[in-house]
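Reviewing the structure listed below.
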Amino acid sequence: MSKRKLQVKILDDRIGTAIPFPEYATDGSAGLDLRACLAEPLTLRPGETQLIPTGLSIHIADPALAAMILPRSGLGHKHGIVLGNLVGLIDSDYQGELMVSCWNRGSTEFTVDVGERIAQLVLVPVVQADFELVTEFTDSDRGEGGFGSTGRQ
Ligand SMILES: O=c1ccn([C@H]2C[C@H](O)[C@@H](COP(=O)(O)OP(=O)(O)OP(=O)(O)O)O2)c(=O)[nH]1
Ligand SMILES: [Mg+2]
């Protein structure tokens, strides 16, 4: 499958040596694992949140794309390490360092090692809206029903 080109800058010279450059783990992987570009291991106490640098910046450039930073399922499920912002959204015009907000929502402390894979980056298509102001919508089957209006079973 052909892959899309994405401009990336390496901001820390350990990337590519001591800390591997991000890669798709398998041909079918949706996400690129992001690694903690830390000077030393970082212990997160229960409830604590820290912003962790990745040592990388990307410039997506195309407004029809964005990137999302998502938790790794193993860290989230087994260790309670998720994202302080739940999901990170990377704008196509952002050129700063990719940062990962790591939140220990668990009840035991967790130490993030230098170079540990802490989250994953997924490129996603985006459609920007151009608002068309109206006073009435054409009726739909759902209408204004929501928040459980169709029941539970
Ligand atoms: O987990 C994240 C989330 C965001 N960003 C960067 C890229 C994104 O393009 C920028 C702004 O993110 P967002 O728009 O979600 O944050 P904001 O609080 O609205 O900040 P801003 O006022 O800069 O838009 O911060 C990250 O590096 N990691
Ligand atoms: Mg914003």
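Ligands are counted one by one from 1 in listed order, and the atoms in each one are counted from 1 as well. Just so we're clear, the structure is a prediction, and the values are computed from it rather than from any experiment.
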For this session: Report all protein residues having a heavy-atom distance below 4.0 Å to some atom of ligand 1; order the list by chain, then number.
Result: Ile69, Asn85, Gly88, Leu89, Ile90, Asp91, Tyr94, Glu97, Leu98, Met99

Exercise. Minimum heavy-atom separation for Gly55 to Ile15, with atom names?
Worked result: O-CG1, 3.9 Å

For this session: Mind running side chain to side chain contact (heavy atoms under 4.5 Å, CB included) on Val112 and Leu38 for me, showing each step along the way?
Result: CA-CA 9 Å; Val112 179; Leu38 292 164; 3.9 Å; yes

For this session: Would you mind listing the cluster partners of Leu11? Hydrophobic ones only (ILVMFWY), side-chain contacts under 4.5 Å, chaining allowed.
Result: none

Problem set entry | All pairs passing ring pair (Phe, Tyr, Trp, His ring centres under 6.0 Å) where residues 11-39 contributes a residue, at least two apart | none

Under 3.5 Å, which donor-acceptor pairs do the side chains of residues 138-150 form with other protein atoms, sequence neighbours left out?
unit_1 : atom_1 : unit_2 : atom_2 : d
Ser140 : OG     : Gly143 : N      : 3.0
Arg142 : NH1    : Gly145 : O      : 3.1
Ser149 : OG     : Gly146 : N      : 3.3

Exercise. Are the side chains of Arg4 and Asp62 in touch, meaning some heavy atoms are under 4.5 Å apart?
Worked result: yes

